Amino acid sequence: MPLPADPEREALRLLTELGAADAPHPGGTLGAHLRRVHRQLEAWQARPALRLAGLCHAFYGTDGFAVAPLPLTHRSRLAEAIGAEAEAIVYLYASCAREASYPTLAGADPAFHDRFTGRTFTPSRRQREDFAELTAANELDIARVDPAFRERWGADLLALFTRLRPLLSARAWQDCATVLTETD
């Protein structure tokens, strides 16, 4: 399935069509958050599929954000808008059972727990890198726009990203270290 001429525009059109662009999200709206995550991944020079996934990472909801603009039964709609590779990253991100998955992702025997299917599997190195980079972009965006969030969760997030450091790009790790140690 070929990508549309402007997959970013298609993703935002779909978000608006689903009525979720203006959904409340820490620091403003879901649409604004998704755009900021996309820009962050772009600044880190992430490959196009990962940047597109950043723009859509909450389409199926997440373990930390219950709003799900698009039901899983309609995954093909998102794949048509952003491509199969980017949609697979979105699914991976949304499906993560965080409490069970986070502790092992950077280890020798990573186990990823899919909260939708209940299945546990070993993700590839590329999947783990994509997941770590997208997680960092997402959490750092919230930490930047919400000082109370950073105050409450900054130390825990810094510990998480320190464990995930082998999976993060140098730019992402630097931003994690900077943003999560800032004080107001």
Side-chain angles (χ1 to χ4, degrees), residues 1-3 7 10-11 14-15 17-20 23 25-26 30 33-34 37-38 40-41 44 46-143 149 153 156-169 172-173 176:
M1 150 182 359
L3 275 175
E10 286 301 307
L14 183 57
L15 187 68
E17 175 187 315
L18 297 169
H25 190 277
L30 180 58
H33 168 69
L34 295 173
V37 170
H38 177 262
Q40 181 63 76
L41 290 164
W44 291 343
R47 70 185 195 291
L50 183 54
R51 292 193 313 255
L52 286 169
L55 186 59
C56 302
H57 71 273
F59 267 60
Y60 307 135
T62 70
D63 197 5
F65 186 68
V67 174
L70 191 63
L72 288 175
T73 54
H74 293 87
R75 288 180 64 187
S76 62
R77 286 188 72 193
L78 186 58
E80 288 171 9
I82 65 172
E85 181 185 9
E87 189 281 331
I89 298 167
V90 171
Y91 178 87
L92 181 74
Y93 185 80
S95 71
C96 181
R98 294 176 180 184
E99 190 174 320
S101 299
Y102 280 2
T104 68
L105 286 177
D109 191 22
F112 191 94
H113 303 272
D114 184 317
R115 69 188 183 98
F116 298 133
T117 66
R119 188 174 76 104
T120 299
F121 69 97
T122 301
S124 70
R125 175 75 184 197
R126 165 66 67 87
Q127 287 175 310
R128 291 183 296 138
E129 289 170 348
D130 287 346
F131 181 83
E133 200 89 348
L134 181 50
T135 299
N138 175 67
E139 300 296 349
L140 291 181
D141 176 65
I142 300 169
F149 174 88
W153 297 106
D156 291 342
L157 289 171
L158 184 58
L160 170 65
F161 295 128
T162 299
R163 282 194 318 274
L164 296 180
R165 186 175 181 180
L167 302 172
L168 293 170
S169 67
W173 166 248
C176 289

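All values derive from a computational prediction rather than experimental measurement.
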* May I ask you to test the Leu134-Val37 pair for a side-chain heavy-atom distance under 4.5 Å? => yes
* Under 3.5 Å: donor-acceptor pair, side chain of Ser95, backbone of Tyr91 -> yes
* Are the side chain of His57 and the backbone N or O of Gly54 linked by a donor-acceptor pair below 3.5 Å? -> yes
* Asked: Who pairs with Phe161 by ring-ring contact (aromatic ring centres under 6.0 Å, His included), at least two apart in sequence or on another chain?
  -> none
* Is there side-chain contact between Trp153 and Leu160, with heavy atoms separated by less than 4.5 Å? -> no
* Thr62 side chain to Phe65 main-chain N or O, any donor-acceptor pair under 3.5 Å? -> yes
* To do: Please examine the side chains of Arg75 and Tyr60, heavy atoms only from C-beta on, and report whether any two atoms are closer than 4.5 Å.
  => yes
* Closest heavy-atom pair and its distance - Glu133, Ser169 -> OE2-OG, 2.6 Å
* Structure fact -> Only residue of Glu17, Glu10, Glu87 satisfying salt bridge (charged side-chain N to carboxylate O under 4.0 Å, His left out) with Arg77 is Glu17
* Measure from the side-chain N and O atoms of Arg51 to the backbone N and O of Leu41, and report whether any donor-acceptor pair falls under 3.5 Å. => no
* Asked: Leu167 pairs by side chain to side chain contact (heavy atoms under 4.5 Å, CB included) with which of Arg126, Gln127, Glu129?
  -> Glu129
* **Asn138 vs Gln40 side-chain heavy atoms within contact, under 4.5 Å** => no
* Validation row: Cys176, Leu164 side chains within 4.5 angstrom (heavy atoms) -> no
* Trace of the side chain to side chain donor-acceptor pair (under 3.5 Å) decision for Tyr93 with Asp130 -> CA-CA 9 Å; Tyr93 185 80; Asp130 287 346; over 6 Å; no
* Min side-chain heavy-atom separation Leu15-Leu34 under 4.5 Å -> yes
* Does the Thr104 side chain pair with the main chain of Ala111, one donor and one acceptor, at a distance under 3.5 Å? -> yes
* Please answer whether the main-chain N or O of Asp114 pairs with a side-chain N or O of Arg119 as donor and acceptor at a distance below 3.5 Å. => no
